[in-house]
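Report on one structure; see the data block that follows.
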Amino acid sequence: MKLTFKPSPNYRNEKSTTGIMKDLGLCLCAVLLYAVIYYCAAFGAQYGLRVILLACDAVVAALATDAVFYKFAKSKDIMKDLKSSYSIITALILVLISRIDTSYFAMAVCTIMAVYFGKLVFGGFGQNIFNPAAFGAALIMGNFAASYNVDFATGATPTQAASSIGWMIPSGNFASFISQYGGLGRMFLGQYPSTIGSTCALLILCCGAFLIWQRDIDWQTPVFYICTVFVEALCIGLMHGAGIEYALFNVLAGGVLFGGVFMATDPVTTPVTIPGRILWAIGAASLTLIIRLKANFADGVLFAILLMNMLTPAIDKLFDGNQIKDAAKFRRNVLIGGAAFAALTLLVGTSVKPKGETAAAPASSGVPAASGEAAAPAGGDVNFGEALPMTYNFNANKASCVIDGEENNTVRYACEAKGFGLVTNADGDYEMNQAMVVVDKSTGKIKSISMINFGDTAGVGDMATSDEALAQFEGKGLEDEVNLVTGATFTTRSVASMAQAALNAAQED
Amino acid sequence: MFQERKGKEHMSILTGPMRFHLDGHKELTAHKDVLVLEEPDDLYIPLVNGRAACSPLVKEGDEVKVGQRIGEPTDGFWYVPIFSPVSGTVVGIEKRMTAALKPGDHIHIRNDHKHSATRAFREFDYETATREEILDFVKSAGMAGLGGAGFPTFNKYTKPEGIELFIINAVECEPYLTADYANSMANPELMRDGALALLKLSTAPKGLIAVKEDKKDLIEVLHKQFDGTPIEVAEVPDIYPAGWERTLIYMLTGKRYDRLPAEAGCILNNVSTCIALGNAMKNGMPITAKYLTVSGDGVKEPQNVIVPVGTPASEVIRQCGGYVGEDCLLIAGGPMMGRTIPNDQFVIGIANNGLTVLQHREPFSVKCLRCGKCTETCPSGLVPVRINACEKIKDIDSLKKLSVMDCIECGLCTYICPSKLDVTEGVRRAKRYMALVK
Ligand code: SF4
Ligand code: SF4
């Protein structure tokens, strides 16, 4: 029998950090499972399988990184270090903020970067400054040649589409913009393509409620984050004549809910006091909107979180004190800080112009136009934008062609390809786009293209099939490039994919 | 007034709850019969009660009786005289390890088991006595804060000014401890007399006796005793640290104060002090024995015991069936604020109310998650995680802002920490460091 000395108290709560991480992991798995089911149902079993494989890929990469690092760091107790590194969470979050067309290779590299540079170099769990998953994603995604595997493209996500028109959607066109994703209701249930984890808003909210109930996360961060996005987006929307749907869209699209529940609440990289967290959340929400409105990224959530991570130590210092005695000061700090963030956001909000307000906004990215006058009629003014090389990878369009007729060196191909509707919306009632492509075999150039059947709903992407737009293909070969038609980029690609298919076929003959 | 407050208890969204419901494990001992411990043959009465030192009034070979005054305080402020708990012979003044783990002087008495007693005080009627007479009685009867601190009771009442509320603390929020509860259940009349005497002493027009809402049987007893007196029964939620002065006063009145409860117009005393005073007034006996909770998973038969002051802890544990397990933590008091003492030779003093014995298991601790749970629960409103971080890098400026000295060492931050760190100990280090650099 021995009596040991331990400083008081000698009584501990059941709740452990490992328990918190288990709950988090459980919720992340639930979100992942929903994604598997959604992708299976909407796009086919191989998509669902891909979600699972991506998750395994990331988890293995994360654990391996930990193991190798601790091995080289001459850890005394590798098992303990592995158990208290919680890298699986990082890996799962990373998968859920990636798109389904992310390549396995990119996923693995990204996870390794996230775990190593995002966490281990800072000294491991608890010491890192940046949210490791956001850090890894920002470091790698998009800047990496092999990032995407186009075989699994699901088309433009709402955030990409919104970003292509500057996140400013005039109210008249909003309904049609949103209808391509099945409306806000369907976005709420998450049956639209996006990042893997941002699919089901309802499920994410349930996870949030569960985690708050279990006291795994505090309620202030997600609530203030999501509400601030909503309120600020509402104000900005009102300034530009958009209604409440615009604010709802901002909350539902992209990573706001996922980020708010799973990333903004990462305790390690956010302040340790409640007033600090509230201020942090307001700041992150404001930056999310500012980045959406001003920067050319698909979504602002990740960068907003990373930027606020940098401010965490300063916010902590701001709220050093006694919460009872300094209550008035803390309240003032929150109010002033929050007001400053909000004012900045609104200022940015006033300065943005909807990119398509004067031109044909709703036709951007081939948005179905409910208000007819806004869609440029075929043959109207066509603005050419970004260059599109004819060697571009058009796999998503699944273009195919057969020889329709041949005369000397001139071959006529009947081609078909998926248009905007089919690429973005697996089960929509769209038809294939069909075109007749005439190729001069001796030169390997296109002589002419004419549309046979326009599969997307009338009015969609019309500009890309206007005579003027089709004329740009004349005389072009595989080594040339054409230009995307502003406001109808998807349809341009669809047409170009058919042209490419025809050129390829001509070469093989 | 109290009932109105209760609903509004939850405060601003900018703070956490600043408290927590702990699993009290009180069922281990609360409803078991109280064991009257067999008196040991040798008792050692410490000559120091907390900070109140005494010089002995007896010498080797003297015969003493139960209740005989054997130590006279050396300090007028820390004034707590010492009385013999048993009858027998004085063996001498001996050095022995105290609960503070330092050697201290003890009067060694060999028990003759005859229980021959002497009446220490004349009968005292607080209803007819003047305030000054009550104050004198409280002082000479050796009443001290029996909640653990051992602060001489009379000191609180020397100059009461603007006191509006007298509060009796029957909350007993430490986990495991049920000694106050058992004592109150057994001696309700003594409690009532002591409480009314202190109410008179406090000059407050009314009083409250605060008790946890889950102790239904005690609440019933209290209503029987106090209904019709100016003292009301106030039920408080089962949270920790409901029994701490500041939290209790805030829950009862909605007031916060800076240094002393008197600033909020309150005077507090522990319920066992009331009972001891009632006993002294009615039976003329000082505190010679204590209700003591012996509990935890490290002792064979957890129960409440009545033990003479001066009994070694080893003897108490032995009579409760001994230790369970190979490696135990022996804690004087409850596990939250009580100290572990790696030696069971220390004796039970008048301020002891429990021995908690827990089997020692090292928790699986990981790095600080920065979850802020310690911040949300700290009843003093501190940010323990920042205090710990700043203490490590000796960031004096930040430590000053973090008002480390407001920590009451309640232990909640360590309790709540999911990473199982010794957060409270870090705050203590910061306090010691700040005391040094000041
Ligand atoms: S021990 Fe001190 S710092 Fe920790 S919770 Fe209690 S008062 Fe706060
Ligand atoms: S409770 Fe523990 S893990 Fe959480 S912030 Fe405080 S010290 Fe860190």
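In what follows, chains are A, B, ... by sequence order, proteins preceding strands, each numbered from 1.
Looking at A:S84 and B:K367, their side chains never bring a donor and an acceptor atom within 3.5 Å of each other.
Closest non-hydrogen pair, B:L329 versus A:K6, comes out as CD2-CG, 3.7 Å. Between A:G321 and B:S403, the closest heavy-atom pair is C-OG, 4.3 Å. A pairwise comparison of heavy atoms in B:T375 and A:Q323 identifies O-NE2, 3.0 Å as the closest pair. Across every non-hydrogen atom of B:C371 and A:P267, the tightest pair is CA-CB, 3.6 Å.
Between chain B and the options A:I278, A:D316, A:T273, heavy-atom pairs under 4.5 Å are most frequent for A:D316. Heavy-atom pairs under 4.5 Å with chain A were tallied for B:L412, B:L369, B:V383; the largest tally goes to B:L369. Top candidate by heavy-atom pairs under 4.5 Å with chain B, chosen from A:D266, A:T269, A:I274, A:D326, is A:I274. In terms of heavy-atom pairs under 4.5 angstrom with chain B, the leader among A:K83, A:R215, A:Q220 is A:R215. Across B:S398, B:C390, B:G381, the residue that shares the most heavy-atom pairs under 4.5 angstrom with chain A is B:G381.
Looking at B:P384, neither its backbone nor its side chain comes within 4.5 Å of chain A, counting heavy atoms on both sides. In this structure, chain A has heavy atoms under 4.5 Å from both the backbone and the side chain of B:D327. Contacts of B:I416 with chain A are made by both backbone and side-chain atoms, with heavy-atom separations under 4.5 Å. For B:C368, the part lying under 4.5 angstrom from a heavy atom of chain A is the backbone only. If you measure heavy-atom distances from B:T414 to chain A, the contacts under 4.5 Å come from both the backbone and the side chain. Only the side chain of A:K325 comes within less than 4.5 Å of a heavy atom of chain B; its backbone N, CA, C and O stay farther away. With a threshold of 4.5 angstrom between heavy atoms, A:T221 does not approach chain B through any atom at all. With a 4.5 angstrom heavy-atom cutoff, A:D81 does not touch chain B via any of its atoms.
Contacts of residues 354-362 of chain B with chain A at a heavy-atom distance below 4.5 Å involve B:L358, B:H360, B:E362, listed in sequence order. Contact residues of residues 337-344 of chain B toward chain A are B:M337, B:G338, B:T340, B:I341, B:P342, B:N343, B:D344 (heavy-atom distance under 4.5 Å). Contact annotation for residues 419-430 of chain B against chain A (heavy-atom separation below 4.5 Å, listed by residue number): B:S419, B:K420, B:L421, B:D422, B:T424, B:E425, B:R428. Of residues 11-20 of chain A, those residues lying under 4.5 Å from chain B by any heavy-atom pair are A:Y11, A:R12, A:N13, A:E14, A:K15, A:S16, A:T17, A:T18, A:I20.
With A:D320 as the partner, the side-chain hydrogen bond (donor to acceptor under 3.5 Å, both in side chains) test is satisfied by one option alone out of B:R386, B:K401, B:K400: B:R386.
With a 4.5 Å cut-off on side-chain heavy atoms, A:K317 and B:D395 count as touching.
Taking a 6.0 Å sphere around OH of A:Y116, one finds it holds 12 or fewer heavy atoms contributed by other residues, nucleotides or ligands. Atom CG of A:L318 sits in a crowded spot, with more than 12 heavy atoms from other residues, nucleotides or ligands closer than 6.0 Å. The number of heavy atoms from other shown groups lying within 6.0 Å of NZ (A:K329) is above 12. Within 6.0 Å of NZ on B:K300 lie no more than 12 heavy atoms contributed by other residues, nucleotides or ligands.
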Under the side-chain contact (heavy atoms from CB on, under 4.5 Å) criterion, do A:L3 and B:Y323 qualify, and how do the steps go? CA-CA 10 Å; A:L3 290 174; B:Y323 296 100; 3.8 Å; yes
With side-chain contact (heavy atoms from CB on, under 4.5 Å) as the criterion, how do B:R246 and A:I324 come out once you've worked through the C-alpha distance, each side chain's angles and the decisive distance to 0.1 Å? CA-CA 12 Å; B:R246 281 172 205 264; A:I324 297 170; over 6 Å; no
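Rounding to the nearest 0.5 Å places OG of B:S365 at 5.0 Å from NZ of A:K80. The structure places CG of A:N322 at 5.0 Å from CG of B:D406, a figure rounded to the nearest 0.5 Å.
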